[in-house]
Amino acid sequence: MFALRDKITLISGASRGLGRALAIEFARQGASVIINSRRTSAAGLAETEQRVRALNAPVLSVLADVSQRADVERLAGEALARFGRVDVLVNNASALGPTPMPYLVDTPIEEFEVVLRTNVTAPFMLTRALVGQMLARGAGSIINVSSDAGAVGYPTWGAYGVSKAALDHLTRVWAAELEGTGVRVNSVDPGDMDTAMKRASEPDGNASRWTKPETVTPVFVYLASDESARVSGQRFLAQQFLAAQRD
Amino acid sequence: MLELTLSENRAGQSASALVQFVLPPELEAREPAELRGLRRDAVRLMVLPHASGEPIHTRFDALGEFLRAGDLLVVNDSRTLPALLRARDENGEPIEVRLAHRRAEDLWDALLLNGRTHIGRVGMRLDFGNDLHARILARRPDLPFLWRMKFDVCCSSLLDLIYRLGEPVRYTYVPDALPLDLYQTVYANSPGSVEMPSAGRPLTWELLLKLKRNGVGLASISLHTGLSSTRDDAVDARHPNYDEEFHVPATTAQAVNETRARGGRVLAVGTTVVRALETAARADDTLAETRGWTQLRIHQNYRLRLVDGLLTGLHEPQASHLDLLSAFVEPTRLQAAYQACIARGYLWHEFGDMNLIV
Ligand SMILES: NC(=O)c1ccc[n+]([C@@H]2O[C@H](COP(=O)([O-])OP(=O)(O)OC[C@H]3O[C@@H](n4cnc5c(N)ncnc54)[C@H](OP(=O)(O)O)[C@@H]3O)[C@@H](O)[C@H]2O)c1
């Protein structure tokens with residue numbers, strides 16, 4: 001319990017799904033949380049905020065589109081103004097692209113670019129905006145939410161899969177550059193979860209086979225905590241982490 | 001004519017009057033190095049020895065050659081806000097509002113402009129759009145071109161609106177509004193500065209981490225900068241003495257004390273750091289955690305208690321910064337060095353080239 005006592009954490013895309021589950025679990029573990037989503041899901045973000053507040057955790061909600069550079073600077077600035085530092089950044093917000101998911105050849109160029117901007121450029125920009133104050137303290141943890149689709153070339157998962165592969169590589173290069181600084185960068189493939197994104201990607205899928213996002217939070221708590229202080233540049237599978245914990 | 005309360009330079013003539021030069025317009029940096037096809041840390045660097053000796057002209061990323069293991073670099077980690085806002089008064093007249101100093105969560109001192117003309121009146125109500133309004137409460141008696149302004153929104157919500165509505169403060173030599181992130185140093189933390197603490201802008205983490213590996217320490221203070229100009233040359237020429245909010249954290253105080261005890265040098269990145277550290281210095285020339293506002297004016301005859309060297313940009317003729325620089329180096333040598341920079345085509349202002357005085 002309280003693995004994240006006194007940690008200031010920022011979770012992008014927390015109006016539903018995994019982001020919300022992480023905000024609530026981080027709060028339960030003693031963290032302060034900054035949560036974010038775009039205006040379209042302001043109601044969902046407000047609900048996440050309320051559930052975090054119910055745990056007596058300090059919380060700040062910021063409506064921002066993390067694929068826009070001005071919004072990223074605003075989000076970082078508001079977080080730092082409120083809490084004075086950010087110890088943990090979870091790049092969770094993500095775009096799936098058009099659904100039903102098309103072949104690459106049928107993917108509009110604009111849609112491809114939105115997916116890349118949201119899933120690769122946004123984590124790059126947010127990390128860039130927040131890593132400096134982590135480096136100045138010599139401590140910090142950045143967690144990028146990846147996907148199986150970034151490791152395997154599934155048909156129709158083109159733009160999204162390409163973006164997650166890029167995100168995993170972004171993780172490796174950041175980690176290599178920041179080696180020895182105390183700031184660590186890792187990625188996590190959460191596995192199949194029953195969320196809005198999953199249902200949009202596989203409308204005919206069997207939802208009963210998908211786990212609830214609440215079940216995969218332990219690996220994120222571990223990576224956010226000091227327990228993983230020496231772990232960097234790794235790609236975690238949430239299910240494997242859970243299985244290892246059970247052993 | 002407004003009655004300005006300006007602190008006199010007790011040493012008599014100010015250094016800015018002693019350092020005379022004409023800055024050719026083509027030497028005004030109009031944009032950041034990255035937009036000129038350079039790395040952030042590839043701007044030029046003039047290294048000017050304190051006491052005697054010729055200046056060395058090199059590139060900023062060679063900074064490490066002039067630092068020693070045991071030296072401490074102290075940076076200002078204040079983040080830049082988009083402090084230029086546009087509003088309308090009760091009659092719908094457009095007013096440019098330049099935020100200057102945050103006095104409380106919903107209270108700011110600000111410069112009100114119509115073009116370059118100072119305006120403002122007690123009781124004035126400003127409408128910024130997006131449901132943001134402010135009322136002018138009073139005029140600063142000591143700095144009568146600044147107005148105390150109360151917003152009708154507070155705290156995180158006010159900050160959110162400032163970000164959404166504002167743009168970075170800029171002067172005529174920067175032709176276009178630039179993204180706010182270009183106005184941040186790589187170590188920027190909490191926002192509060194209305195102009196970029198620009199001396200640290202050329203620093204990259206690649207360079208900072210290399211310096212660290214070579215035994216150079218890094219520490220930070222926060223000083224939220226005010227405006228560098230009122231846009232009225234006559235007022236600026238009298239060097240109004242702004243008060244700026246700062247914090248010297250305990251860890252930095254300790255790092256400074258330890259550095260000095262070991263015989264290392266404390267090098268300030270920017271004049272704001274000199275002001276903060278020297279304000280917080282105690283009578284025995286040590287430092288403890290300090291929070292407050294500084295109005296300290298540093299000039300040629302000021303005895304620096306803690307700071308041994310200064311990394312700074314190139315300052316305009318007449319700038320009060322030149323007074324501060326003259327505490328580190330003789331005005332005549334500064335004058336000669338600046339002439340050399342002009343001859344070599346150094347660039348001035350916040351996006352320009354750099355000067356290390358050690
Ligand atoms: N669900 C799965 O089975 C699965 C599997 C593997 C990996 N993942 C990954 O897990 C993470 C969470 O996914 P999820 O299933 O929880 O997705 P989700 O239910 O669609 O939630 C995504 C969140 O991100 C926000 N978001 C999207 N674009 C944004 C933007 N540009 N700026 C700010 N916020 C934005 C969304 O709110 P708005 O759109 O309203 O802004 C929402 O809060 C993602 O990185 C996803 O790729 C999920």
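Sequence lines set the chain letters: A, B, ... in the order given, protein chains first and strands last, and positions in each chain run from 1. Not measured: the values here are computed from a predicted model.
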Check whether more than 12 heavy atoms from other residues, nucleotides or ligands sit under 6.0 Å from atom [atom1] of [X], and answer yes or no.
X: A:Glu47; atom1: CD; answer: yes
X: B:Arg30; atom1: CZ; answer: no
X: B:Glu206; atom1: CD; answer: no
X: A:Glu179; atom1: CD; answer: no
X: B:Arg291; atom1: CZ; answer: no

Can you measure from [atom1] ([X]) to [atom2] ([Y]) and round to the nearest 0.5 angstrom?
X: A:Arg137; Y: B:Ser220; atom1: CZ; atom2: OG; result: 9.5 Å
X: A:Thr181; Y: B:Trp205; atom1: OG1; atom2: CH2; result: 9.0 Å
X: B:Asp160; Y: A:Leu63; atom1: CG; atom2: CG; result: 7.5 Å

Show, in sequence, the C-alpha distance, side-chain angles and deciding distance for B:Arg79 and A:Glu73, and conclude whether the side chain to side chain contact (heavy atoms under 4.5 Å, CB included) test is met. CA-CA 10 Å; B:Arg79 203 177 196 92; A:Glu73 178 58 31; 2.8 Å; yes
Look only at the side chain of B:Asn189 and the backbone of A:Gly84, and say whether a donor-acceptor pair between them is shorter than 3.5 Å. yes
How close do B:Leu159 and A:Ala81 get, heavy atom to heavy atom, and via which atoms? CD2-CB, 3.4 Å
Please find the pair of heavy atoms, one from B:Ser156 and one from A:Leu60, that lie closest to each other, and give the distance. OG-CD1, 3.5 Å
A:Ala79 portion near chain B, given a 4.5 angstrom heavy-atom threshold: neither
Taking every heavy-atom pair that is under 4.5 Å apart, which of A:Arg128, A:Arg82, A:Gln133, A:Arg85 has the most such pairs with chain B? A:Gln133
If you count heavy-atom pairs under 4.5 Å with chain B, which of A:Ala76, A:Ala64, A:Gly132, A:Ala70 comes out on top? A:Gly132
Does any heavy atom of chain A fall under 4.5 Å from the side chain of B:Gln184, the backbone, both, or neither of them? side chain
B:Ile162 and A:Glu78, any side-chain heavy atoms less than 4.5 Å apart: no
